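Reading through the structure tokens given below for one structure.
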Amino acid sequence: MSRSCEKVTDIFGMNVFSDATMRERLPRNIYKLFRETIDERKPLDLSVANVIANAMKDWAIEKGATHFCHWFQPMTGLTAEKHDAFISPTSDGRTIMEFSGKELIKGEPDASSFPSGGLRATFEARGYTAWDCTSPVFVKEDGNNITLYIPCAFCSYTGEALDKKTPLLKSMEALDKQATRVLHLLGTKTRHVTATLGPEQEYFLVDRSFYEKRLDLVLTGRTLFGAPSPRGQEMEDHYFGTLHERVANFMYEINHELWKLGVSAKTQHNEVAPAQYELAPVFATVNVATDHNQLVMETMQKVAVRHNLVCLLHEKPFSGVNGSGKHNNWSMVTDDGVNLLDPGETPHDNMVFLVFLCAVIRAVDKYAKLLRASVANTGNDHRLGANEAPPAIVSIFLGDQLTDIFDQLASGPAKSSKKGGILKLGASTLPPLAKDTTDRNRTSPFAFTGNKFEFRMVGSSQSTAGPMFTLNTIVADVLMEIADELEKSKEVKAAAMKILHRIANDHNRIVFNGDNYSEDWVKEASRRGLPNFRSTVESLSTILEKDNVAVYHRHSVLSPTELHARVEVFFENYSKAILIEAKTMLTMAKRQIMAAAVQYLGRLASSLAAVTSAGASSETLSTKIGAVDGMIKSLAESIEGLDSAVVKAISTGGAEKKAFVCHDLVVEAMKKLRSVADTLETVVDADLWPLPTYAEMLFLK
Ligand code: ADP
Ligand code: MG
């Protein structure tokens, strides 16, 4: 893409059927009715939908669109879409372009070909998509294909949610309801509360030519083999380093593509690992932010290819250097714009803030296992607790000021708030800096960062929907307890104080401001009784504990049936991902690595033969031949080991059982095979090694 002269303010949102566009294009009464649907959470009338659909179609056709699609988020964690042309043939052999309200609000994709955890059998195909009118429709350009995208929820014929969006929307309603109850009891006139999300997205870029030579990257998104590069991230020179021109061009283009779609891409920089980067948008309502994050991930991959790069969104594409996360910055905002997690100048006497803060603390402690499970996937198994990302133990960083207040609350009302003060840098030309009330702690999985919480355990490839609907639901649940208690009390302020006091005493254990990467913390957390589930399979098994099923059910976010089905899908997804990795490893090991090793052995043998026929002898060569032959033997054995682990896993019935076999046998056999192959990589002649190395891939120029 050449540099465009377009002004950012002109292109921003140009492909979105935004609020401003609607106001301009819809009859005044229709626009008003539509706004009521959004602002008052009222159902949308079909007659209104008809008018909106027509205006949308005209707008989209002006943009060059020929098709529309319902765009939804099945349990794959990715998005799905089926395109239909606007055409409606007439009897005289021509066509008109049509789009009805019915087509806008409802679609009927085949539900049996998406993961359903047993909710849909192959013959029970019917499913529905329904327009999520709280997330704006947009036009997307893919090559010459221009399509109107309609963000949707997806459910089965029998009404169960088959996607990530439906529970997210329901959790937002639950949070809205309970938060508003609490606020009314505390004396405010708030009408609605919305959860907000700003997801910081980490990713890697590798040269496309290397990528294409690696079946593991192509099929699994991560390297399954690869000896460490002599240089890794030890120089600490990549984080915030100068952007390489090729990468800067990629970023330039991605920003422009995203801005057109109304995605407010704002921050970009080099990350800690070589070849690793980050993009963060300005936060938005949690469901819009979730849609936007899907667009971010998709656009990154699309744009990278135009630069002969490939964007890797896997949580751990390279072992030995940092993996990628997706830091979910989350808060709650009222309809009149008050951020409920904004401490203000004197948080100790800000009752609304303290109640919401303590509600989050109690929710995170009480449902730590659910939060952990919401970020469980095969990629995160390599990342969490690997000394570069938060461990699998959920804890909260509050920082100096709030920890002090939380401690005060444990013994009575809080009486004071620590101040940040002014930082003088010493040189008279440098300005004095207002100091934050709290330092940062980048090792914490759930950190208070000024006026929001940052949930950092989320994996880079994950949809933000799962972690966010979990967080919304558990916070809604604690707010419900609080509202129930306040409703019964005669003296609301005293009752609220009592609640804060109780939470400060009961949930002290979840607050940890130290180094989450340290071994000491793992021991300390265990003393405190905090759960630590290192692997996906162990963590998934906790989702169906009684309290966890009940909390989703209580707030109508997921029924027990839906939750059971979801857990089934998670276990299935785990096994599928592991088995794909294992089979990819086997293919590479047998057809590339073994081949290279044998060829190398042959080369050594010919050299020895040449030396011998020249009447000389070489002990070094003979020893080396023996050593390489030994490695080939280990390679063959570990191939066999993985082969039989795979056979065992495939023949194991039951989603959970199969997943455990994958974890206990297949993953272990994969580790063994990798270790032998990686050693061979350090021995075999470079010209014979069939795979691009870590050094080549990570130090992109
Ligand atoms: P840092 O984490 O480095 O301080 P920022 O202040 O830029 O970075 O914030 C990171 C992300 O948090 C951004 O996406 C930002 O829009 C988002 N964010 C800021 N305020 C809120 C909020 N109230 N709710 C949700 N996300 C927020
Ligand atoms: Mg951050």
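Just follow the structure's listing: the first ligand is 1, and inside any ligand the first atom is 1. Residues take their numbers from the sequence shown, with the count starting at 1. The model shown is predicted, which means the values in this text are computed figures rather than measured ones.
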Side chains of Thr267 and Glu278: do they bring a donor and an acceptor to under 3.5 Å?
no
Charged N-O contact under 4.0 Å between Asp39 and Arg191:
no
Numbered atoms and elements of ligand 1 in range of Val282, under 4.0 angstrom, heavy atoms:
16 (O)
Which word best sums up how the rings of Phe448 and Phe453 line up, parallel for under 30°, tilted for 30 to 60°, or perpendicular for over 60°?
perpendicular
Heavy-atom contact check, 4.0 Å cutoff: does Asn339 meet ligand 1?
yes
Tell me whether Leu197 has any N or O atom under 3.5 angstrom from an N or O of ligand 1.
no
Side chain, backbone, both or neither: the part of Leu341 lying under 4.0 Å from ligand 1 by heavy atom:
neither
Ser135 versus Asp132, side-chain donor and acceptor atoms under 3.5 Å:
no
Looking only at non-hydrogen atoms, which of Ser264, Ser331, Pro281, Ala289 approaches atom 13 (C) of ligand 1 most closely?
Pro281
Is it the side chain, the backbone, both or neither of Lys266 that has a heavy atom closer than 4.0 Å to ligand 1?
neither
Can you find an N/O atom of Thr196 closer than 3.5 Å to an N/O atom of ligand 1?
yes
Let me know which of Leu384, Ile510, Asn532, Asn516 forms a side-chain contact (heavy atoms from CB on, under 4.5 Å) with Ile393.
Asn532
What orientation do Tyr203 and Tyr277 show, parallel under 30°, tilted 30 to 60°, or perpendicular over 60°?
tilted
Of Glu278, Glu200, His327, the one whose closest heavy atom lies nearest atom 2 (O) of ligand 1 is Glu200
Taking heavy atoms and a distance under 4.0 Å, where does Glu454 meet ligand 1: side chain, backbone, both or neither?
side chain
We want to know whether Asn293 and Lys326 form a side-chain donor-acceptor pair, criterion being a heavy-atom distance below 3.5 angstrom.
yes
